[in-house]
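Input: a single structure, listed below in structure tokens.
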Amino acid sequence: MAPGRGEARPARGAAGPCAAAQAALCKATARHRLLVLQLGGSADGPRLREERRGSSAEARELSAGLRRALLAGLRRAPASPEERRELERLWVLTLSALELFLQDLRRAQRLCQLFPAQGGGAAPLRTGLGGRGPPRRKGGRRGGGPVQPPAAPRLEEEIEQVMATLAEMESGANVPLWTVEATQPAGTGSTAAPGHYCRVL
Amino acid sequence: MTVTRLDQGQRYRPRMAFLKKVEALMMEMQNPDTGVKTQTQTVMITSIPHAVAGNDISQWILQRLQIDEEEAVHLGDIFVKYGYIYPLLEPKNLTLKTDGSLYRFQTPYFWPVQGWPADDTDYAIYLAKKNIKKKGALEEYEKEHYNMLNEKINYKWDFVIMQAKEQYRAGKERNKADRYALDCQERAYWLVNRTPPGMLDALEYGLDRVTDPNENKKKTKDAYKREIIYYQQAIMKPRVKSSVSLGALVKYSEQFLSNDPVLSGCLPSNPWITDDPEFWDLNAKLVEIPTRMRVERWGFNFSELIRDPKGRQSFQLFLRKEFSGENLSFWEACEDLKYGDQSKVKEKAEEIYKLFLAPGARRWINIDGTTMGITVKGLKHPHRYVLDAAQTHIYMLMKKDSYGRYLKSPTYKEMLAKAIVPQDASKKSAALPFGRRRLRSSLSPVILRQQEEEAKAREAATTVDITQVMSKLDRRSQLKKEPPPK
């Protein structure tokens with residue numbers, strides 16, 4: 001989904017492409033999470049890290065576009081109150097997705113520090129996952145000096161970028177959280193009587 | 001978006017230094033040459049590598065750390081409980097079995113981290129995923145959590161469901177063996193971080209702390225100065241040898257053993273067991289005739305006497321005979337100032353001053369000049385502790401002086417002689433299980449308090465202290481000396 005589409009359209013249709021972009025962002029963050037999950041494990045390797053970087057870039061692009069589109073949509077007078085509500089809902093969802101993404105980025109940073117891609121360092125854990133070329137190094141730890149791959153500083157930049165996006169979104173529009181209601185049901189089946197969530201223990 | 005709670009500043013997890021240590025060991029265990037040897041686990045038709053036997057884990061720890069078997073097993077058990085290793089056959093049984101039971105190492109993504117607690121949103125996504133996968137077959141406690149989270153983070157519930165679906169789809173793209181391993185990993189993580197009821201939560205640390213253990217305090221000159229002062233004061237703090245303090249504790253326990261209703265039983269009977277409130281009636285605050293145990297207890301030390309209202313009453317009688325009743329009255333007035341109605345602090349302090357401390361007061365107490373000076377100065381700005389110095393002085397006076405004489409006095413001896421020793425009635429009531437005892441309710445505390453206040457007022461009005469008379473005589477003699485030839 002091209003991120004720029006939302007702002008090109010008039011306000012009436014702003015929610016639609018935003019929703020699609022939001023779905024894409026969810027997908028990107030889910031994929032990114034799966035990749036970060038494997039860092040430090042037996043599936044870890046340069047290819048995995050490349051993939052993670054790509055997935056992270058995609059997610060960041062989508063989020064930047066979404067941010068622009070949503071802010072534009074919210075600032076303009078919306079066509080109808082439903083449109084406004086929908087935009088607010090998407091706004092909250094985007095923020096949630098970004099927070100999750102940021103958390104995963106931080107985890108990735110920590111894992112990359114624990115298991116540096118280059119050099120000796122700790123051998124990645126044997127977690128049972130089939131890697132794509134697991135690099136099992138023997139020998140001692142090499143200090144992470146100038147041989148440090150360019151990935152590490154880029155991770156910090158990624159984190160900063162996402163934090164900036166989050167900050168802009170939070171200060172950009174004034175959307176109270178409690179007004180957003182879930183459109184999906186709880187869906188646990190038998191025990192969830194509608195509206196009765198407190199069980200007597 | 002996540003809403004952060006306001007919670008009186010307690011929002012930091014405590015130091016968890018053990019995590020880094022466990023991580024270091026974990027990474028060593030991975031070494032293909034010197035680490036733990038691995039096997040392959042067969043699940044249906046797939047085989048998943050990198051399983052380790054419990055026995056191998058404990059043996060490796062034993063050899064690496066040079067400890068004995070019991071400790072090694074215990075340490076390995078801790079690793080399992082913290083979630084660094086998870087069991088394959090019985091996922092909920094987080095213990096290390098030293099037989100051939102298989103375990104696997106948890107991926108570092110799921111290692112516990114001091115700075116990040118397991119997130120509610122993540123848990124909601126996991127439960128939603130499980131819901132989708134198993135079509136609603138969550139466990140009871142999971143269902144509860146799910147519903148609670150739905151309520152709590154309802155505003156991002158759409159995101160939760162969407163993300164769950166996406167994660168599920170992303171997982172499906174992997175091959176079967178990987179998918180199985182990933183599922184096992186995630187399940188193990190949540191079993192550790194959201195323990196089912198009945199299971200031990202190894203990562204629990206009590207309440208959140210006020211200070212951030214990861215904070216890097218700026219080492220300014222000022223900060224160092226403060227640290228130095230702090231440690232100097234710590235060195236100067238008075239210390240008691242544990243042999244001394246423990247000896248005092250033992251002595252106290254021995255002395256009070258006979259008085260303890262739980263350890264030594266109580267006469268006539270324990271009201272909680274026999275439903276007979278006679279024990280409470282006999283030991284009421286201002287009962288006519290106290291029990292023998294109670295009166296004997298007044299002889300243990302002065303604080304026992306003074307904290308018992310009946311004891312105070314008896315002591316006051318004695319003091320009046322010695323013409324020092326104003327001391328105890330002053331002490332009681334100070335207690336009232338400290339613990340009573342604080343809105344009337346100013347008036348109470350003034351009254352006490354007029355009655356006890358002012359020169360020529362009706363019930364003047366005898367305290368030394370310095371204490372009097374401090375007290376009078378403090379009374380300019382009265383608060384609850386303004387009379388502390390004077391009160392302590394009077395307390396010590398009573399304790400060192402009057403108390404000794406009290407214990408030898410006829411007042412006390414009479415009290416002791418009159419005191420009753422109730423009969424042991426516990427067996428009697430046990431013999432009549434169907435005996436209907438008319439349970440009368442005790443006096444309302446409101447009425448009791450009113451009675452006390454009336455008694456106090458009466459006593460205050462009628463007390464004539466000898467000092468009053470003496471001071472009048474003094475003044476008369478002073479007047480005689482008055483005409484100075486100056």
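What's counted below: heavy atoms across the whole structure, side chains too, no hydrogens, waters or symmetry copies. Keep in mind the model is a prediction, meaning the values are calculated, not measured. Naming convention: chains lettered A, B, ... in sequence-line order (proteins, then strands); numbering from 1 in each chain.
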* Could you tell me whether the side chains of Gln38(A) and Thr107(B) share a donor-acceptor contact shorter than 3.5 Å? =>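 No, Thr107(B) and Gln38(A) have no side-chain donor paired with an acceptor closer than 3.5 Å.
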[X] versus chain B, heavy atoms under 4.5 Å apart: side chain, backbone, both or neither?
{"X": "Arg106(A)", "answer": "both"}
{"X": "Leu100(A)", "answer": "side chain"}
{"X": "Leu111(A)", "answer": "side chain"}
{"X": "Thr29(A)", "answer": "both"}

* From Asp122(B) CG over to Arg33(A) CZ, what is the distance, rounded to the nearest 0.5 angstrom? ->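 Answer rounded to 0.5 Å: 6.5 Å.
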* Can you tell me how far CG of Asp119(B) sits from CD of Glu99(A), rounded to the nearest 0.5 angstrom? ->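 Separation between the atoms: 8.5 Å.
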* Would you say the side chain of Tyr109(B) lies within less than 4.5 Å of the side chain of Val36(A), judging by non-hydrogen atoms? ->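 Yes, side chains in contact.
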* Minimum side-chain heavy-atom gap Trp111(B)-Arg110(A) below 4.5 Å ->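 A side-chain contact exists here, since the closest heavy-atom pair is under 4.5 Å.
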Which heavy atom of [X] sits nearest to which heavy atom of [Y], and what is that distance?
{"X": "Ala30(A)", "Y": "Glu166(B)", "result": "CB-CB, 3.6 Å"}
{"X": "Ser96(A)", "Y": "Lys156(B)", "result": "OG-CB, 3.4 Å"}
{"X": "Phe159(B)", "Y": "Leu93(A)", "result": "N-CD2, 3.3 Å"}
{"X": "Val92(A)", "Y": "Tyr155(B)", "result": "CG1-O, 3.6 Å"}
{"X": "Ala23(A)", "Y": "Met162(B)", "result": "CA-SD, 4.5 Å"}

* Flag if over 12 foreign heavy atoms under 6.0 Å of CE, Met163(A) ->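 It does not: Met163(A) CE has 12 such atoms or fewer within range.
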* To do: Kindly check if the number of other-residue, nucleotide or ligand heavy atoms within 6.0 Å of NZ (Lys130(B)) is above 12?
  =>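 Yes, NZ of Lys130(B) has more than 12 neighbouring heavy atoms, counting only those of other groups under 6.0 Å.
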Is it the backbone or the side chain of [X] that comes under 4.5 Å from a heavy atom of chain A, or both, or neither?
{"X": "Glu186(B)", "result": "side chain"}
{"X": "Glu23(B)", "result": "side chain"}
{"X": "Leu149(B)", "result": "neither"}
{"X": "Val52(B)", "result": "neither"}
{"X": "Lys129(B)", "result": "side chain"}

* With sequence neighbours left out, what residues match Phe110(B) under ring pair (Phe, Tyr, Trp, His ring centres under 6.0 Å)? ->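 Listed in chain order: Tyr189(B).
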* Using ring pair (Phe, Tyr, Trp, His ring centres under 6.0 Å) as the criterion, list what pairs up with Tyr82(B), not counting sequence neighbours. =>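 Only Phe18(B) meet the ring pair (Phe, Tyr, Trp, His ring centres under 6.0 Å) criterion with Tyr82(B).
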* To do: Just do the side-chain contact (heavy atoms from CB on, under 4.5 Å) check on Trp116(B) and Gln103(A) with the steps written out, would you?
  => CA-CA 9 Å; Trp116(B) 308 320; Gln103(A) 199 181 63; 5.9 Å; no
* **Worked check of side-chain contact (heavy atoms from CB on, under 4.5 Å) between Gln167(B) and Leu34(A)** => CA-CA 8 Å; Gln167(B) 284 185 9; Leu34(A) 192 64; over 6 Å; no
